[in-house]
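What follows is a single structure, written as structure tokens, with notes after it.
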Amino acid sequence: MAETYNFQTPRDLYEKLCRDAEKLDVLIDGDQFFNFISTAYHLIDWIKNSPLKTSTIIKRLQKKLNKDENLKICGNILKAKSHFSIIPQKKGCQLKFEEHCIDANDFKDEIISLYEQYFK
């Protein structure tokens, strides 16, 4: 039986982000990584447009999200201002963008941790 996905709230998109992260725990490839960064970046808009957007907690979260360097990297990739490569290593993978190279798993975990503070 197929699962039904319902995307109506920021929580729905956050749960998709978690599923995307779980897939990256198994295998990091360019397509899956792009899906993850796309979901992570667009979750900002879902939160910004939620019914709770005027609450103090949401306003603080939005400030934090807007300042986050990892989400800025996601935005630059999605807007084609920066391109990325996934480079396999003996242990894990590296995310290469512009002249930078960072651990892809750390990048993913930091983004999940950022949103997890609000959704958990």
- request: Please check if any side-chain donor atom of Lys79 sits under 3.5 Å from a side-chain acceptor atom of Tyr41, or the reverse.
  value: yes
message: Less than 4.5 Å apart, side chain to side chain, heavy atoms only: is that true for Trp46 and Tyr14?
response: no
- prompt: Angle class for the Phe84/Phe33 ring planes (parallel below 30°, perpendicular above 60°, tilted otherwise)?
  reply: tilted
field: Distance in Å, Ile102 CD1 paired with Gln94 CD, rounded so as to fall on 0.5 Å steps
entry: 8.0 Å
- prompt: What heavy-atom pair brings Phe107 and Ile37 nearest, and what distance separates the two atoms?
  reply: CE2-CG2, 3.9 Å
query: Hey, are Arg19 and Glu22 close enough for a salt bridge, meaning a charged N less than 4.0 Å from a carboxylate O?
result: no
- line: Heavy-atom closest pair (Leu17 atom, Ile111 atom, distance to 0.1 Å) is CD2-CG2, 4.5 Å
statement: In this structure, OG1 of Thr9 is separated from CG of Asn49 (nearest 0.5 Å) by 13.0 Å
- prompt: Any side-chain heavy atom of Tyr115 sitting closer than 4.5 Å to one from Leu71?
  reply: yes
message: Within this structure, what is the CD-SG distance for the pair Glu116 and Cys18, rounded to the nearest 0.5 Å?
response: 7.0 Å
message: Within the 4.5 Å heavy-atom criterion, are His83 and Phe97 side-chain neighbours or not?
response: no
task: Give a yes or no on whether a salt bridge exists between Asp20 and Lys108, defined as a side-chain N under 4.0 angstrom from a carboxylate O.
output: no
message: To check you understand the geometry: which heavy-atom pair defines the closest contact between Pro88 and Cys93, and what is its length?
response: CA-SG, 4.0 Å
task: With the side chain counted from C-beta on, respond yes when Leu114 and Lys64 share a heavy-atom pair under 4.5 Å apart, and no when they do not.
output: yes
field: Nearest heavy atoms of Asn70 and Glu110, plus distance in Å
entry: ND2-OE1, 2.7 Å
message: Is it the case that the side chain of Asn76 and the backbone of Ile73 share a donor-acceptor pair, with hydrogens and angles ignored and the cut-off at 3.5 Å?
response: no
Heavy-atom pair of closest approach, residues Gln62 and Lys48: NE2-CA, 2.8 Å
message: If the test is side-chain contact (heavy atoms from CB on, under 4.5 Å), which one of Asp68, Leu61, Asn66 qualifies with Ile44?
response: Asn66
field: Side-chain heavy-atom pair Thr56, Lys59 within 4.5 angstrom cut-off
entry: no
query: Hey, are Asn35 and Ser38 close enough side-chain-wise for a donor-acceptor pair under 3.5 Å?
result: no
Neighbour count >12 (heavy atoms, 6.0 Å) for atom NZ, Lys16: yes
field: Leu13-Ile57 co-clustered via ILVMFWY side chain contacts under 4.5 Å
entry: yes
field: From CG (Asp29) to NZ (Lys23), nearest 0.5 Å
entry: 10.5 Å
Connected via hydrophobic side-chain network under 4.5 Å: Ile87 and Leu95: no
query: Which value, rounded to the nearest 0.5 Å, describes the distance between His100 atom NE2 and Ser82 atom OG?
result: 8.0 Å
query: Between SG of Cys101 and NZ of Lys96, what distance do you get to the nearest 0.5 Å?
result: 7.0 Å
task: Kindly give the heavy-atom pair with the smallest separation between Ile28 and Ala104, and that separation in Å.
output: CD1-CB, 4.0 Å
- prompt: Does any non-hydrogen side-chain atom of Pro10 lie less than 4.5 Å from one of Phe119?
  reply: yes
